[in-house]
Structure formats: C-alpha cells, structure tokens
Trainee: 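My questions will all concern the structure given below.
These numbers were taken from a predicted model, which means no experiment stands behind them. First listed ligand is number 1; within each ligand, the first listed atom is number 1.
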Amino acid sequence: MNLITICIGKTDEKPLEELILKYEKRLPQHWNYQRIEIPDIKNRKNLSEQQQKDKEAELILSKIQPTDYVILLDELGKQMNSTKFAEEIQNLMNQSVKQVVFLIGGPYGFSEEIYKRANRKLSLSEMTFTHQMIRLFLTEQIYRAFTILHGKPYHHE
Ligand SMILES: C[S@@+](CC[C@H](N)C(=O)[O-])C[C@H]1O[C@@H](n2cnc3c(N)ncnc32)[C@H](O)[C@@H]1O
C-alpha cells in the first residue's frame, strides 16, 4: 500500500523539516511513504480566502486518484488513540486499498469540494495547529502506527 501526505507549501522551518524527515526515514520501504508539498499559490495576497482554498483544491484533486482512500486532517474530525489509528491503517491494508492519502489543509483549511471527496476526517486534537506543525505530528503518528503494528518497543518506551 502507498501512503501519501499532501500539504500546502514547503515546510518553511529547517528544524521542523529535519524532524519530519527523521520519522519519514524510519518508515518501511513497503509503505511507500511520500510527502507531496503543493507549491503556494502565486499572488495569493490578491486573492480572498475562498479563492485561495478553491485554487488549492484544484491542485490537491489533481494529485488524487479515484480509488484513493482519502483521510482529511481536521480538528473537528474523529479522534482516536494511536493503537486504533494503527489498526485503521492495518484494516485498509487488509482491504487491499492501493493508496491512502492524508490531506493537510493550508492556513485557511479546505474548500467544501475537498470535504466532499474525503472518505473520513481525522482530528489529532481539538486544538488547532499550524498547517506546518501538523505535518510533524501526523508523520510521528504514522511512524508510531508502524511500530505498533510491528511490535517494536517505541510506543511503550
Ligand atoms: C491552521 S489549520 C486551518 C484552520 C482553519 N481555520 C480551518 O477551518 O480548517 C491548517 C490545517 O492544519 C490541519 N490541522 C490543524 N490542527 C489540526 C488538528 N488538531 N487535527 C487535525 N488537523 C489539524 C488541518 O488539515 C487544517 O486544514
């Protein structure tokens, strides 16, 4: 199964990028993990929030296949513990889902079109994080899921 995270804009802080990479590199090859950073919209200062979200939606949708299972990150989504999250990933693998896509919104979140395409909404907390920091928290949880599924000590250390 392929796991992909799609987010908006480059990861702008070097220490944050390094931490994200640290967890990405620990993921097993057969998870085929990939992070896609959609370039920031040009001249976005001249656009309304909605116009920005609509343009971002176009770019996000162009990266998603019809058969992808899409998990949208949203503070109002469903919360779960790390073990349940790991089980959900295992279930998707068992169902022979080819590709799971995690979507992280831009600074203003997502347009309605993206919410409609999502198969489910996942919250990592009731609190709102920046569209940059949430990349790290999600990547660490994906790595944690891998360690849980493979009986590695990390989750209980
Ligand atoms: C700054 S937030 C956007 C907040 C925006 N007001 C909204 O309505 O979505 C940027 C993105 O980070 C992600 N995000 C932030 N906090 C989150 C949380 N607690 N759980 C899951 N995703 C979160 C979401 O994908 C969100 O679209």
Trainee: What pair of heavy atoms forms the shortest contact from Ser123 to Gly77, and how long is it?
Mentor: CB-O, 3.4 Å
Trainee: Looking at Lys10 and Glu17, is there a salt bridge between them, counting it only when a charged N and a carboxylate O are closer than 4.0 Å?
Mentor: no
Trainee: For the residue pair Asp68 and Arg117, what are the closest heavy atoms and their distance?
Mentor: O-NH2, 3.0 Å
Trainee: What protein heavy atom lies closest to atom 9 (O) of ligand 1? Include the residue and the distance to one decimal.
Mentor: Gly109 CA, 3.5 Å
Trainee: Side-chain contact, heavy-atom cut-off 4.5 Å: Phe102 with Val70?
Mentor: no
Trainee: Among protein heavy atoms, which sits nearest to atom 20 (N) of ligand 1, and what does the distance come to when rounded to 0.1 Å?
Mentor: Leu124 N, 3.0 Å
Trainee: Would you check whether Pro107 has a nitrogen or oxygen atom less than 3.5 angstrom from a nitrogen or oxygen atom of ligand 1?
Mentor: no
Trainee: Regarding atom 18 (C) of ligand 1: of the candidates Glu49, Gln79, Met127, Met133, which has the closest heavy atom?
Mentor: Met127
Trainee: By number and element, which atoms of ligand 1 are closer than 4.0 Å to a non-hydrogen atom of Gly106?
Mentor: 3 (C), 10 (C), 11 (C)
Trainee: Determine, stepwise, if the pair Tyr33 / Asn2 fulfils side chain to side chain donor-acceptor pair (under 3.5 Å).
Mentor: CA-CA 6 Å; Tyr33 182 79; Asn2 299 337; over 6 Å; no
Trainee: Can you figure out which of Tyr108, Phe102, Phe129 has its heavy atom closest to atom 8 (O) of ligand 1?
Mentor: Tyr108
Trainee: For Tyr143 together with Tyr154, are the ring centres under 6.0 Å from each other?
Mentor: yes
Trainee: Would you call Arg35 and Glu37 a salt bridge, taking side-chain N to carboxylate O under 4.0 Å as the test?
Mentor: yes
Trainee: Return yes when at least one protein heavy atom is under 4.0 Å from atom 27 (O) of ligand 1, and no when none is.
Mentor: yes
Trainee: Before signing off on this row, confirm whether His131 and ligand 1 have an N or O atom pair separated by under 3.5 Å.
Mentor: no
Trainee: Pick, from Ile134, Thr130, Asp74, Leu73, the option with the minimum heavy-atom distance to atom 24 (C) of ligand 1.
Mentor: Leu73
Trainee: Leu122 near ligand 1, heavy-atom distance under 4.0 Å?
Mentor: yes
Trainee: Hey, which of His131, Lys53, Glu56 is the one that makes side chain to side chain contact (heavy atoms under 4.5 Å, CB included) with Tyr108?
Mentor: Lys53
Trainee: Is there a polar contact between ligand 1 and Gly105, counting only N or O atoms under 3.5 Å apart?
Mentor: yes
Trainee: Does at least one non-hydrogen atom of Gly77 fall below 4.0 angstrom from an atom of ligand 1?
Mentor: no
